Visitor: 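I have a structure I would like to understand better, so I am pasting it below and will then ask my questions one at a time.
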Amino acid sequence: MDLDVTSADGTLVHAEISGRGATALVFVHGWLGSGRWWDAQRDALADAFAVVQVDLAGHGASGRGRTRWSIDGYADDVVAVVERVDAARVVLIGHSMSGAHVVVAASRIPRTAMVVLVDTLKDLDARPDPVETEAMLGLYRRDYATAVAQILPRFLFAPTTPPEVAARLQREFLAVPGELAAELVAPLYRDDYHTAARALRVPVRAINGDLHPT
């Protein structure tokens with residue numbers, strides 16, 4: 001079932017709901033992704049759970065008109081979708097940059113039973129260097145194609161990553177203008193999610209690859 005909701009700032013947010021159950025698994029994609037990234041999980045789990053695949057604002061079929069991008073805004077997107085989901089319990093699953101978003105959203109959703117972090121938030125004490133962050137975002141704005149082709153693969157792909165997966169991601173990344181791509185990820189380096197993470201009082205499970213240490 002397709003679901004379109006309005007986030008707190010009026011931005012349209014799209015989601016898809018499959019299956020049914022007392023527990024809803026709410027899947028939130030990483031940077032420049034969409035709910036489509038979770039199709040395999042939907043196919044594996046929809047017989048036992050309600051499966052919700054969210055397109056955050058600026059991604060997928062959701063609106064791109066937000067004037068200020070923030071972790072709070074992304075968390076509001078998740079909240080707006082979950083408010084329309086009929087399930088007694090909710091498991092929030094965030095991949096990559098959306099680990100921060102589901103951590104902040106969890107405290108706003110009383111039905112949250114668990115948070116699952118997928119390849120994200122591996123060291124809460126590590127804070128990004130502002131100079132390095134601005135250099136990275138500046139490169140996206142200035143020469144995004146080169147960043148996607150030559151720099152991002154070092155952080156995204158392992159030697160065993162299937163070529164078709166790498167090609168798909170690069171294709172999806174290049175479908176977004178570099179200026180917007182930079183704005184969409186900037187909140188992860190600028191906004192505070194550490195306070196919300198330390199205040200979590202539900203179980204947290206982390207699923208991490210071994211490309212980078214936890």
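The model shown is predicted, which means the values in this text are computed figures rather than measured ones.
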Visitor: Quick one, I109 with V78, criterion side-chain contact (heavy atoms from CB on, under 4.5 Å). Give me CA distance, side-chain angles, the key distance, then yes/no.
Guide: CA-CA 9 Å; I109 301 172; V78 177; 4.3 Å; yes

Visitor: Between D76 (side chain) and A8 (backbone), is there a donor-acceptor pair under 3.5 Å?
Guide: no

Visitor: Of F27, W69, Y74, which is the lone residue that meets ring pair (Phe, Tyr, Trp, His ring centres under 6.0 Å) with H101?
Guide: Y74

Visitor: Could you tell me the separation between the OH atom of Y189 and the CZ atom of R127, rounded to the nearest 0.5 Å?
Guide: 14.5 Å

Visitor: If two hydrophobic side chains count as joined below 4.5 Å and joins carry through other members, does F157 share a cluster with V185?
Guide: yes

Visitor: Measuring from Y144:OH to L139:CG, what's the distance to the nearest 0.5 Å?
Guide: 10.5 Å

Visitor: Would you compute the distance between atom CG of L25 and atom CZ of R89 and round it to the nearest 0.5 angstrom?
Guide: 10.5 Å

Visitor: About how many Å separate CG of L156 and CD1 of I151, when rounded to the nearest 0.5 Å?
Guide: 11.5 Å

Visitor: Indicate, with yes or no, if M1 and V28 share a hydrophobic cluster defined by side-chain heavy-atom contacts under 4.5 Å among Ile, Leu, Val, Met, Phe, Trp and Tyr.
Guide: yes

Visitor: I'd like to know if D47 pairs up with R42 as an ion pair, taking the criterion as any Lys NZ or Arg NE/NH1/NH2 lying under 4.0 Å from an Asp or Glu carboxylate oxygen.
Guide: no

Visitor: Do the side chain of D77 and the main chain of A57 share a donor and acceptor less than 3.5 angstrom apart?
Guide: yes

Visitor: Can you list the steps and then say if N208 with T214 is a side-chain hydrogen bond (donor to acceptor under 3.5 Å, both in side chains)?
Guide: CA-CA 7 Å; N208 292 330; T214 299; 3.0 Å; yes

Visitor: Taking all non-hydrogen atoms of both residues, which atom of S34 and which atom of G60 are closest, and how far apart?
Guide: CB-CA, 3.9 Å

Visitor: Is the shortest side-chain N to carboxylate O distance from R66 to E183 below 4.0 Å?
Guide: no

Visitor: If you count heavy atoms of other groups shown closer than 6.0 angstrom to CZ of R190, is the number above 12?
Guide: yes

Visitor: How about Y140 and W31: are their ring centres within less than 6.0 Å of each other?
Guide: yes

Visitor: Please test R68 against D9 for salt bridge (Lys or Arg N to Asp or Glu O under 4.0 Å), starting from the C-alpha separation and ending with a verdict.
Guide: CA-CA 10 Å; R68 184 181 185 278; D9 66 352; over 6 Å; no

Visitor: Are H14 and L3 side-chain neighbours, meaning at least one heavy-atom pair lies under 4.5 Å?
Guide: no

Visitor: How long is the straight-line distance from OG of S18 back to CG of D43, given to the nearest 0.5 Å?
Guide: 8.0 Å

Visitor: Could you check whether the rings of W37 and H29 sit parallel, tilted or perpendicular, using 30° and 60° as the cut-offs?
Guide: perpendicular

Visitor: Taking the side chain as everything from C-beta on, heavy atoms only, tell me whether I17 gets closer than 4.5 Å to V51.
Guide: no

Visitor: Not counting sequence neighbours, which residues clear salt bridge (charged side-chain N to carboxylate O under 4.0 Å, His left out) with R171? List them please.
Guide: none

Visitor: Determine the minimum heavy-atom distance between S70 and G73, stating which atoms define it.
Guide: OG-N, 2.9 Å

Visitor: Is there a path from V52 to V5 through hydrophobic residues (I, L, V, M, F, W, Y) whose side chains come within less than 4.5 Å of each other?
Guide: yes

Visitor: Is any side-chain heavy atom of V13 closer than 4.5 Å to a side-chain heavy atom of D4?
Guide: no

Visitor: With a 4.5 Å cut-off on side-chain heavy-atom distances among I, L, V, M, F, W and Y, is there a chain of contacts connecting L137 to L174?
Guide: yes

Visitor: Identify the heavy atoms of I71 and V104 that sit nearest to each other, and give their distance.
Guide: CG2-CG2, 3.6 Å

Visitor: Is the closest side-chain heavy-atom distance between V54 and W38 below 4.5 Å?
Guide: no

Visitor: Could you pull out the closest heavy-atom pair between P203 and A113, with the gap in Å?
Guide: CD-O, 3.3 Å

Visitor: With a 6.0 Å cut-off (strictly less than), is the heavy-atom count around CG of D86, excluding the residue itself, greater than 12?
Guide: no

Visitor: Does R168 come within less than 4.0 Å of E172, counting only side-chain N to carboxylate O?
Guide: yes

Visitor: Run the salt-bridge test on R198 and D125 with the 4.0 Å N-O cut-off and return the result as yes or no.
Guide: yes

Visitor: Is there side-chain contact between L169 and L32, with at least one heavy-atom pair below 4.5 Å?
Guide: no

Visitor: The test is side-chain contact (heavy atoms from CB on, under 4.5 Å); show your working for I93 and V118 and say whether it passes.
Guide: CA-CA 7 Å; I93 304 158; V118 182; 3.9 Å; yes

Visitor: How long is the straight-line distance from CD of E16 back to CG of D2, given to the nearest 0.5 Å?
Guide: 5.0 Å

Visitor: Any side-chain hydrogen bond (donor to acceptor under 3.5 Å, both in side chains) pairs touching residues 52-65, not counting sequence neighbours?
Guide: D39-Q53

Visitor: If you compare all heavy atoms of D119 against all heavy atoms of H95, which two are closest, and at what distance to 0.1 Å?
Guide: CB-CD2, 4.4 Å

Visitor: Look at the side-chain heavy atoms of Ile, Leu, Val, Met, Phe, Trp and Tyr, link any pair under 4.5 Å apart, and say whether L211 and V165 land in one connected group.
Guide: no

Visitor: Quick check: does any side chain N or O of R20 sit under 3.5 Å from a backbone N or O of A87, one acting as donor and the other as acceptor?
Guide: no

Visitor: Are the side chain of S96 and the backbone of G30 linked by a donor-acceptor contact shorter than 3.5 Å?
Guide: no

Visitor: Which pair of heavy atoms, one from P153 and one from Q170, lies closest together, and at what distance?
Guide: CG-NE2, 3.6 Å

Visitor: Hey, are the side chains of T6 and T11 touching, using non-hydrogen atoms and a 4.5 Å cut-off?
Guide: no

Visitor: Main chain of D129, side chain of T133: is a donor-acceptor contact present, judged purely on distance under 3.5 Å?
Guide: yes

Visitor: The test is side-chain contact (heavy atoms from CB on, under 4.5 Å); show your working for T23 and V91 and say whether it passes.
Guide: CA-CA 7 Å; T23 300; V91 176; 3.9 Å; yes

Visitor: Which pairs pass salt bridge (charged side-chain N to carboxylate O under 4.0 Å, His left out) with one or both residues in residues 204-214, sequence neighbours excluded?
Guide: none

Visitor: T112 side chain to M114 main-chain N or O, any donor-acceptor pair under 3.5 Å?
Guide: no

Visitor: Go through it in stages, so that I can follow the logic: the residues are E83 and R108, the test is salt bridge (Lys or Arg N to Asp or Glu O under 4.0 Å), and I'd like the CA-CA distance, side-chain angles, deciding distance and then a yes or no.
Guide: CA-CA 10 Å; E83 285 178 345; R108 305 177 187 179; over 6 Å; no

Visitor: Quick one: are I207 and L117 in side-chain contact, heavy atoms under 4.5 Å?
Guide: no

